[in-house]
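Below is one structure, written out as structure tokens; comments come after it.
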Amino acid sequence: RFGARSTLAVLLVAVFGVGAAAAAARTPVPDSLAAGLTGPDGRTLVAHGFNTASSSKTVADGLPDFTEDDLDAEHADMGTSFVRYLISWRKVEPSPGVYDQDYLDDVAERVRWYDERGYSVMLDMHQDLWGVGITPDGQVGNGAPVWATYMDGLPVEPQPQWELYYLQPGVIRAFDNFWNTTGEHPELMDHYAGAWRAVAERFADTDAVVAYDLMNEPYGGSVQGVAFESGPLTELYQRSVDAIREVDQDSWACLEPQALGFNWGLPSALGHVDDPREGDPRIAFCPHIYPLPMDLGDGFSGTSRDLVEGTVASWRDNVLRTSHELGDVPVILGEFGLDTTLPGALDYVDLMYDTAGELGFGVTYWSRDPGGWGPYEADGTPRNLIGAVDRAYPVAVAGTARSWSWEDGVFTLVTEPDASASAPTELYLPDSIGDDVHVEGAEILEWDAASRILQLEAPAGESEITVVVSAG
Ligand code: 9MR
């Protein structure tokens with residue numbers, strides 16, 4: 001194990017050296033991000049919630065092990081108002097060209113739970129390792145339908161860690177057939193876009209569904225890096241956005257970079273995707289971060305902490321770069337997470353939320369599933385993660401949310417207010433701040449200590465305001 005670890009550490013340093021140089025040569029780092037994602041009432045939405053849930057990946061009904069009571073619990077404990085909800089191509093299109101409305105009914109029922117509690121929903125077309133068809137037991141991969149899984153007789157051998165299946169010949173071939181690298185299955189990418197059209201058609205009139213995450217953690221098979229991202233991946237996104245816009249003009253389309261590399265702090269070469277909707281494009285960038293030392297099981301202490309901090313710093317710069325390259329698009333950190341029993345784990349959670357607030361983007365933590373990474377044990381007992389996720393944040397901003405911070409019980413928010421907004425800025429404030437709050441820089445419209453929601457009115461005529469909220 002030590003040998004493998006050292007080799008990987010050397011690889012990491014090499015990869016970072018090359019990656020940083022490549023990134024620096026490509027483009028300078030912009031100072032700040034563009035405005036965030038807007039919701040149906042025109043306010044900027046800040047994602048604060050969970051990926052829900054991994055438990056849906058391989059089960060027959062494709063639904064998470066998650067109830068309305070579970071939703072009430074996270075709402076009460078952490079003030080979440082957003083979810084990255086996992087759906088799968090295998091369930092949307094169980095046979096070629098056939099879209100399963102019963103499955104979409106099941107998804108719609110869950111979307112209603114969120115909607116009734118004022119949440120916004122991003123639907124994530126999830127996949128890991130292509131699909132359930134890569135192994136006979138259907139328990140290793142998830143995402144694509146079995147009918148779309150062409151491994152051409154190549155093997156998939158058992159692996160000690162799930163990510164390693166990405167290197168198995170059968171898995172690589174399944175991706176190659178999808179991206180049409182083999183020239184044998186040009187139809188598959190169009191099926192994928194068609195599945196998105198079916199989903200978008202179903203949710204076009206559901207205001208709570210604000211975004212579609214087009215593909216979880218894309219993987220290029222035998223074509224990697226620049227060639228993959230600027231080639232077939234950009235092409236798939238374009239076809240999917242075009243298909244979605246045939247039926248849904250308003251929802252945001254979220255693009256992920258190739259996961260391998262970007263999640264470790266390396267740059268992306270994703271190409272520009274055109275949004276055919278009338279008005280401003282609604283394209284967003286939704287990367288993940290999983291620093292390599294953590295993939296290898298480390299926490300956030302000692303050498304690992306230094307390496308992870310380095311990863312976060314270069315990841316942050318690359319997020320700014322890619323957002324700019326894609327047309328100054330908004331960002332959501334779609335996934336980060338770790339085993340929170342590891343040393344320093346909660347400091348890492350703080351670092352990621354602080355980084356997101358500094359740049360003004362929302363976060364969905366991986367994941368809502370019970371156990372070592374999640375907020376609750378299987379029996380519902382709260383875990384240590386809750387204290388780190390239960391932070392003050394802007395739920396919705398009338399205008400542009402530039403940045404915010406939550407430190408030592410003081411919440412600071414910088415916005416560019418929009419006087420024409422139809423609803424006020426709303427902040428979530430955790431119990432720890434108390435029931436009396438003190439606000440500087442804006443007027444309190446309403447403070448509801450029970451729901452923990454503070455509504456603010458910005459002073460007239462200011463182009464930028466700083467609001468500071470503390471215990472009263
Ligand atoms: O945490 C998930 C683990 O239990 C599964 O075995 C694995 C394969 O499906 O997926 C893990 O979740 C990953 C997610 O699907 C994609 N991003 C990284 C997540 C953590 O590894």
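Quick caveat, the model's predicted, so the values are computed rather than measured. Indexing begins at 1, ligand by ligand and atom by atom, following the structure's order. All heavy atoms count here, side chains included; hydrogens, waters and symmetry mates do not. Positions are given from 1, in the same order as the sequence printed here.
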| task | Write out the residue and atom name of the closest protein heavy atom to atom 1 (O) of ligand 1, then the distance separating them to 0.1 Å. | result | W366 NE1, 3.2 Å
| Shortest protein heavy-atom distance from atom 6 (O) of ligand 1, along with the residue and atom involved | W162 CD1, 4.0 Å
| query | Which residue, W373, Y348, W315, forms the ring-ring contact (aromatic ring centres under 6.0 Å, His included) with F336? | reply |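 That would be Y348; it is the only one of W373, Y348, W315 passing the ring-ring contact (aromatic ring centres under 6.0 Å, His included) with F336.
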Can you list the ligand 1 atoms lying under 4.0 Å from a non-hydrogen atom of [X]?
X	answer
S54	2 (C)
N142	9 (O)
K57	2 (C), 5 (C), 7 (C), 8 (C), 9 (O), 10 (O), 11 (C), 12 (O), 13 (C), 14 (C), 15 (O)
E217	16 (C), 17 (N), 18 (C)
E335	14 (C), 16 (C), 17 (N), 18 (C), 19 (C)

| request: Using the ring-ring contact (aromatic ring centres under 6.0 Å, His included) rule, take W89 and Y192 through it: C-alpha gap first, then chi angles, then the decisive distance, then the call. | output: CA-CA 7 Å; W89 181 21; Y192 194 89; 5.2 Å; yes
| field | Ion pair R84/E256, N-O distance below 4.0 Å | value |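 Result for this pair is yes, salt bridge flagged.
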| So is D128 polar-close to ligand 1, meaning N/O to N/O under 3.5 Å? |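 Among all N and O atoms of D128, at least one is under 3.5 Å from an N or O of ligand 1.
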| query | Judged by non-hydrogen atoms, does N216 sit under 4.0 Å from ligand 1? | reply |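 N216: in contact with ligand 1 (<4.0 Å).
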Aromatic ring pairing [X]/[Y], orientation class (parallel under 30°, perpendicular over 60°, tilted between):
X	Y	value
F66	W113	tilted
H191	W147	perpendicular
F228	W179	perpendicular
F178	W130	tilted

